Structures are given as structure tokens and as C-alpha cells.
Amino acid sequence: LPTVGGQTALNLAVDLADSGVLERYGVELIGAKLEAIKKAEDRLLFKDAMNKIGLDMPKSQLVRSVSDGLAFAAMLVAAGRLGEHVGRLPVLRMGVIAFGLTSVACGLAPSADVLVAARVLQGISAAAMAPQVLAVINLVYKDTNRTWAFAWLGIALGLAATLGQLIGGALIESDIGHMGWRWCFLI
């Protein structure tokens, strides 16, 4: 059942199949076929499938390197230190405001180059927020309460990731005002 366990289980099922382990031990995936998982998880295969059924896809490119998240990762530690020196709340506020503004910039981007630049800035603003939230939870909650606070944060992030995909898909499909994918950044 590769669909039980979320993304980790899906990735593990694909890796086990690709390495021949499933075939060697006579294991059959149930609940989802390997081809379906690959098509849903591989951005190029998914894009090809959508194009084959006639759905318009936004112009895009696939990036597969660690440097993809460089803007976020590079700023994460610096933003954490800034929060220590300036204060967690001012840095968090700055990150929230910057994230909102860069989201609007992404949604209104007139070209792919502007969209990429806005996404880099969006990653930097997200990096300003993340360590502040984690630090505040760590400072405010103690012992078991801290464990629960981080658990609830994980639940909220998981729900946001799941619902974000569904809402984003619905927004793109509804094409309100003929703005397509732009609504994913503008909501």
C-alpha cells in the first residue's frame, strides 16, 4: 500500500521497484500502480500527461538540484541570527509582509524571468519567517507542551501542503478572470 505513509511511502515504493527489490521478493503494489505513482510524482511525466489530454500547462522548467532551494536555505541561518539580535517579532513581521508582497509580484509577473526573481525573493522572505516560528515555539513551550506545539505545527504544515495543492488546482481549473495559475500566488 504505497499510498499509506504519504510522500515517504510513495518515494520508497518507487525506489524499491526501480532497484528490483519488489520483483526479487515477489511483492506487488496494491492501491496504486508504479506507473501511476511515477506519472503523478515526476513533473515531466505529469506535464506530458496533461498535455496529451489537451490541458494547457503553464510554461515551466524542471530544476533538480540542491541549488533550487538555495535562496531559502542560504537565508535560514542568517534570518535566525537576525531574529536573535533584532527580535523575533520584527523579523517575523518583515518576513510576512515581504512574503505577501513577493506573492503578489509572482502573481502579476509579466515574464518567466520576473517570476523566477520574485520566487527567489519569496524564498528569502519565507526563510525570514521559519526560524522565528520555531524559536518562539521553543521559547514559549516547555516539555510535553513543546512536543505538542511542534506536533500541531507539523499537522498544520501537512494540511497546508495538502490543501494548498487541492485549492491551487481548483483555482487553476476555474480560471477566474482568465488569470490561470496566477491565483495560486494572489490568494
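Source: prediction; values computed, not measured. The chain is numbered in sequence order, starting from 1.
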L186 vs M179 side-chain heavy atoms within contact, under 4.5 Å: yes
pair L163-L166: side-chain heavy atoms closer than 4.5 Å: yes
Gap between atom [atom2] of [Y] and atom [atom1] of [X] - 0.5 Å precision:
X: L134; Y: F150; atom1: CG; atom2: CZ; answer: 5.5 Å
X: R182; Y: I176; atom1: CZ; atom2: CD1; answer: 15.0 Å
X: S103; Y: L121; atom1: OG; atom2: CG; answer: 11.0 Å
X: D143; Y: R146; atom1: CG; atom2: CZ; answer: 7.0 Å
X: I137; Y: W152; atom1: CD1; atom2: CH2; answer: 13.0 Å

According to a 4.5 Å side-chain heavy-atom criterion applied to Ile, Leu, Val, Met, Phe, Trp and Tyr, with indirect links allowed, do [X] and [Y] form part of one hydrophobic cluster?
X: L157; Y: L76; value: no
X: L108; Y: L171; value: yes
X: L12; Y: L34; value: yes
X: I167; Y: V104; value: yes
X: I172; Y: L115; value: yes

Exam field: side chain R88 to backbone G80, donor-acceptor pair closer than 3.5 Å: yes
Side-chain donor or acceptor of Q132 paired with backbone N/O of A79 under 3.5 Å: yes
Any idea which heavy atoms bring [X] and [Y] closest together, and the distance?
X: L29; Y: A13; result: CD2-CB, 4.2 Å
X: G95; Y: A128; result: CA-CB, 4.0 Å
X: A127; Y: M75; result: CB-CB, 3.6 Å
X: Y141; Y: A149; result: CD1-CB, 3.6 Å
X: V133; Y: L92; result: CG2-CD1, 4.1 Å
X: T102; Y: Q122; result: OG1-CA, 3.4 Å

So for atom [atom1], which belongs to [X], do other residues, nucleotides or ligands contribute more than 12 heavy atoms lying within a distance under 6.0 Å?
X: R81; atom1: CZ; result: no
X: K142; atom1: NZ; result: yes
X: E84; atom1: CD; result: yes

